[in-house]
Amino acid sequence: MNEIIKNIEAAQLKAEVPQFNVGDTVRVHGKIKEGNRERIQVFEGVVLKKQGGSSRETFTVRKNSNGIGVEKTWPLHSPNVEKVEVIRRGKVRRAKLNYLRQRVGKAAKVKELVR
């Protein structure tokens, strides 16, 4: 039984997964269905956390929209996630950036990683 589940999950994995970490600013192109039409909407923000593994891996992106914080959790291998672009790399020392939820303005920024 366990082997059957592993085979099904392996078939659902994407071939190319973008390399990004917590603290990076990313642009997620997600498919939105409105009635019988389908379009792509862009969601740009900071990656707060990555969790899970294999086909169940998810990541949470937070952005500020009209002064209100908006968070969205995306499954990494979902067919509704068209692509993920990394805009800038962030320098963080935490695996989960939950503290950004209480920060406002410049305090909510993540330093850029310079290589």
Side-chain angles (χ1 to χ4, degrees):
M1 186 66 185
N2 198 13
E3 196 65 34
I4 297 169
I5 294 172
K6 284 183 182 176
N7 291 337
I8 293 170
E9 287 182 350
Q12 294 175 348
L13 292 177
K14 284 186 179 176
E16 258 186 55
V17 179
Q19 195 65 39
F20 63 93
N21 291 314
V22 174
D24 293 352
T25 302
V26 294
R27 191 176 285 148
V28 182
H29 297 257
K31 289 183 185 174
I32 305 289
K33 256 195 168 178
E34 295 175 334
N36 57 354
R37 295 185 331 154
E38 195 174 88
R39 65 183 177 88
I40 293 177
Q41 188 173 33
V42 179
F43 191 90
E44 183 178 334
V46 178
V47 178
L48 287 188
K49 60 184 175 179
K50 287 177 76 174
Q51 59 190 19
S54 181
S55 64
R56 296 186 181 104
E57 189 171 353
T58 61
F59 62 100
T60 301
V61 180
R62 180 181 177 86
K63 76 173 183 178
N64 210 1
S65 178
N66 298 325
I68 297 170
V70 179
E71 288 182 19
K72 205 163 188 182
T73 302
W74 302 88
L76 188 60
H77 295 281
S78 170
N80 289 331
V81 176
E82 189 71 23
K83 66 178 177 177
V84 180
E85 293 178 61
V86 179
I87 292 160
R88 58 188 281 258
R89 303 259 175 211
K91 181 183 178 186
V92 292
R93 298 169 71 179
R94 300 272 179 277
K96 305 241 188 315
L97 304 180
N98 294 323
Y99 67 90
L100 286 180
R101 293 173 177 151
Q102 285 81 37
R103 305 277 173 100
V104 180
K106 281 190 177 181
K109 282 191 175 180
V110 175
K111 286 185 181 177
E112 189 165 4
L113 182 65
V114 180
R115 287 190 180 179

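- Of the inter-residue distances, the one linking Asn80 atom CG with Glu38 atom CD reads 7.5 Å to the nearest 0.5 angstrom.
- Smallest separation of non-hydrogen atoms from Lys96 and Lys49: CD-CB, 3.5 Å.
- Residues Lys72 and Val61 are not in side-chain contact: their nearest non-hydrogen atoms beyond the backbone lie 4.5 Å or more apart.
- Within the 4.5 Å cutoff, the side chain of Thr60 has no heavy atoms near those of the Gln51 side chain.
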Can Arg101 and Leu48 be said to form a side chain to side chain contact (heavy atoms under 4.5 Å, CB included), step by step? CA-CA 9 Å; Arg101 293 173 177 151; Leu48 287 188; 4.0 Å; yes

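- Environment of CZ in Arg37: sparse, with no more than 12 heavy atoms of neighbouring residues, nucleotides or ligands closer than 6.0 Å.
- At a threshold of 4.5 Å between non-hydrogen side-chain atoms, the residues His77 and Gln12 do not count as touching.
- A distance of 8.0 Å separates NE2 of His29 from CD1 of Ile40, quoted to the nearest 0.5 Å.
- Residues Val46 and Val22 are members of one and the same hydrophobic cluster, defined by side-chain heavy-atom contacts under 4.5 angstrom among Ile, Leu, Val, Met, Phe, Trp and Tyr.
- Both Trp74 and Leu76 are assigned to one and the same hydrophobic cluster, defined by single-linkage of ILVMFWY side chains at heavy-atom distances under 4.5 Å.
- Atom CD of Glu112 and atom CD1 of Ile87 lie 11.0 Å apart (nearest 0.5 Å).
- Follow the hydrophobic side-chain contacts under 4.5 Å out from Leu100 and you never reach Val70; the two are in separate clusters.
- Heavy atoms of other residues, nucleotides or ligands lying less than 6.0 angstrom from CD of Gln19 number 12 at most.
- Phe20 and Phe43 end up in the same hydrophobic cluster when Ile, Leu, Val, Met, Phe, Trp and Tyr side chains are linked at under 4.5 Å.
- Heavy-atom contacts from other residues, nucleotides or ligands closer than 6.0 Å to CZ of Arg94 number 12 or fewer.
- Under a 3.5 Å cut-off, the side chain of Lys14 and the backbone N or O of Ser78 do form a donor-acceptor pair.
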Asn21 and Val47: side chain to side chain contact (heavy atoms under 4.5 Å, CB included), yes or no, with the steps? CA-CA 7 Å; Asn21 291 314; Val47 178; over 6 Å; no

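- Between the CZ atom in Arg56 and the OG1 atom in Thr58 there is a gap of 11.5 Å [rounded to 0.5 Å].
- Linking Ile, Leu, Val, Met, Phe, Trp and Tyr residues whenever their side-chain heavy atoms come within less than 4.5 Å leaves Leu97 and Phe59 in two separate clusters.
- Ion pair Glu44/Lys63 not flagged as a salt bridge, since none of the NZ, NE, NH1 or NH2 atoms sits closer than 4.0 Å to an Asp/Glu carboxylate oxygen.
- Nearest heavy atom pair, residue Gly23 against residue Val110, reads O-CG1, 3.8 Å.
- Within the 4.5 Å cutoff, the side chain of Val17 has no heavy atoms near those of the Glu57 side chain.
- Here the shortest heavy-atom pairing between Asp24 and Gly90 reads OD1-N, 3.0 Å.
- Annotation: side chain of Glu9 is not in contact with side chain of Leu13 (no heavy-atom distance under 4.5 Å).
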